[in-house]
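See below for the structure under consideration.
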2 protein chains.
Amino acid sequence: MFDRLRSHVMARIELTEEQFAESTRFFIPRHLRRKEFLLRAGDTGRYIAFVNRGCLRSYTIDKKGVEHVVQFAIEEWWIADLYSFLTDEPATYYIDALEDSEVLLLDRPSQEELCATLPAYERFFRLLLERNYIANHRRIAATLSLTAEERYLFFMKTYPQFVERLPQHQIASYLGITPESLSRIRRKLMQKS
Amino acid sequence: MFDRLRSHVMARIELTEEQFAESTRFFIPRHLRRKEFLLRAGDTGRYIAFVNRGCLRSYTIDKKGVEHVVQFAIEEWWIADLYSFLTDEPATYYIDALEDSEVLLLDRPSQEELCATLPAYERFFRLLLERNYIANHRRIAATLSLTAEERYLFFMKTYPQFVERLPQHQIASYLGITPESLSRIRRKLMQKS
DNA sequence: TTCAATCATTGATGTAGATCAAGAAATTGG
DNA sequence: CCAATTTCTTGATCTACATCAATGATTGAA
């Protein structure tokens with residue numbers, strides 16, 4: 001159950017086996033079927049989720065009813081509506097499972113207690129946020145400076161594991177284009193090579 | 001010199017006056033004239049900067065030579081090429097001053113030592129990154145789901161202090177549109193009201 | 001105080017990607 | 001294994017915003 005989390009955490013911070021074992025009591029395992037929601041906009045989403053198996057996404061729905069994928073998460077990734085997690089305000093994102101999945105949930109009080117009990121976890125979450133900060137700024141820069149085709153190539157290069165695993169229209173949504181446009185981009189790239 | 005940093009830090013973490021005073025030795029004050037670079041893409045940018053006075057921006061330059069603003073920073077904001085800071089790889093962003101500015105620089109070894117000496121700073125940087133994570137995800141969601149006009153309104157609402165202070169074409173660049181388009185959007189909004 | 005640079009505006013025209021519509025292909029769950 | 005659903009593709013057309021070009025308004029350095 002906690003094998004993947006153990007290797008993930010212990011690769012990043014100094015922790016004994018005993019300390020890690022102690023930390024597992026803070027995590028709540030949960031199974032999600034494909035299309036099942038972990039969180040809906042409006043809920044108070046007081047946990048962050050570590051993906052043990054499967055694939056999830058967070059997204060918004062605009063006023064026309066169109067979904068816009070903000071993030072994907074597969075094995076060893078974390079996903080959350082961090083704003084809601086940190087402030088207890090209602091969530092602004094939806095999070096659901098794109099495949100049957102297993103997640104480990106950590107709620108806010110548990111995270112506080114975990115960091116207080118094992119300060120190395122404070123460092124762990126800082127490192128996690130640093131990586132995220134970098135990835136988000138790259139995505140912003142890509143959106144500002146690249147065409148749809150270039151963004152797709154960038155996505156393929158950066159997240160090859162996602163390209164084989166996700167439906168195309170989900171990737172299109174993440175890239176900020178329509179499924180039709182992505183289909184045409186792919187055709188064009190096929191012809192080139 | 002450190003007044004603004006003191007109130008900024010002490011509003012966020014528990015620190016005695018003595019502890020804060022101790023921490024100031026890690027920061028290197030630096031003055032920047034308008035248009036002066038703090039960092040260029042390709043440099044190794046091994047510090048993060050706290051803005052004491054003035055205004056800076058980070059940006060990329062695309063293959064056509066067009067600049068794309070990734071971030072603005074005014075008083076009490078932090079700015080950096082975090083990837084370069086964390087990895088020692090060459091910077092991917094440019095950072096320069098839009099006004100004459102004073103910054104406090106913290107290099108990577110100093111940050112490590114600071115966090116080791118005063119663990120509250122570990123928490124401080126985690127909090128900082130959390131806020132940033134939220135802001136970045138909101139910006140991504142806005143880019144995915146809003147029109148140029150809606151993004152401008154969102155920007156005005158979120159960062160009113162920037163709107164009065166920054167040249168329009170810098171805001172246009174941040175929003176991912178041309179200065180001409182922003183000018184037309186503003187005209188349209190004037191007429192509406 | 002002036003001249004050069006920077007910045008904002010406006011009009012004419014171009015285009016990347018959206019939208020609409022329809023059908024084909026692939027998946028999935030019963 | 002099959003019907004229902006989801007996903008992908010393709011064509012025709014549309015539109016938000018870009019590009020190009022010119023002019024005026026501000027700003028700032030000497």
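In what follows, chains are A, B, ... by sequence order, proteins preceding strands, each numbered from 1.
- When the C1' atom of dG28(D) is taken as reference, atom CZ of Arg33(B) falls 13 Å away, rounded to whole Å.
- When the options Arg53(A), Arg4(A), Arg33(A) are evaluated for a salt bridge (Lys or Arg N to Asp or Glu O under 4.0 Å) with Glu102(A), the one that passes is Arg53(A).
- The interatomic distance linking Leu182(A) (CG) with dT19(C) (P) rounds to 15 Å, in whole Å.
- At whole-Å resolution of the value, NZ in Lys35(B) and C1' in dC7(C) are 11 Å apart.
- To the nearest angstrom, P of dT7(D) lies 16 Å from CZ of Arg165(A).
- The stretch residues 169-180 of chain B touches DNA chain C through His169(B), Glu180(B), each having a heavy atom within less than 4.0 Å of the strand.
- For Arg186(A), taking side-chain heavy atoms from C-beta onward, the closest of the listed nucleotides dT19(C), dT9(D), dT10(D) is dT9(D).
- If you take CZ of Arg187(B) and C1' of dC7(C), they are 17 Å apart, rounded to a whole angstrom.
- When the nucleotides dC7(C), dT9(C), dA18(D) are ranked by their closest atom to the side chain of Gln168(B), dT9(C) comes out on top.
- A salt bridge links Glu112(B) with Arg108(B): at least one charged nitrogen is closer than 4.0 Å to a carboxylate oxygen.
- For the pair Arg184(B) and Arg34(B), both in contact range of DNA chain D, the more 5′-proximal nearest nucleotide belongs to Arg184(B).
- With rounding to whole Å, Tyr152(B) atom OH is found 17 Å from dC17(D) atom C1'.
- Under a cutoff of 6.0 Å and an axis angle of 45°, Arg6(B) and Phe2(B) do not form a cation-pi pair.
- When each of Phe50(B), Phe162(B), Phe72(B) is tested with Trp77(B) by the rule ring pair (Phe, Tyr, Trp, His ring centres under 6.0 Å), just one qualifies, namely Phe162(B).
- For the pair Arg40(A) and Phe37(A), the distance from NZ or CZ to the six-membered ring centre is under 6.0 Å and the angle to the ring normal is within 45 degrees.
- A cation-pi arrangement, defined by a distance under 6.0 Å to the six-membered ring centre and an angle within 45 degrees of its axis, is absent between Arg138(B) and Phe154(B).
- Atom-to-atom, CD of Glu67(A) to P of dT7(D) comes out at 10 Å; the value is rounded to the nearest Å.
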Practice problem: Would you check, one step at a time, whether the test side chain to side chain contact (heavy atoms under 4.5 Å, CB included) holds for Gln168(B) with Arg186(B)? | Solution: CA-CA 10 Å; Gln168(B) 265 183 56; Arg186(B) 283 166 52 87; 3.0 Å; yes
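- Within the structure, a side-chain polar atom (N or O) of Ser181(B) is placed less than 4.0 Å from OP1 or OP2 of dA18(D).
- With dT19(D), dT9(C), dT9(D) as the candidates, the nucleotide lying closest to the side chain of Lys64(B) is dT19(D).
- In this structure, Glu149(B) places its CD atom 13 Å from P of dA18(D), rounding to the nearest Å.
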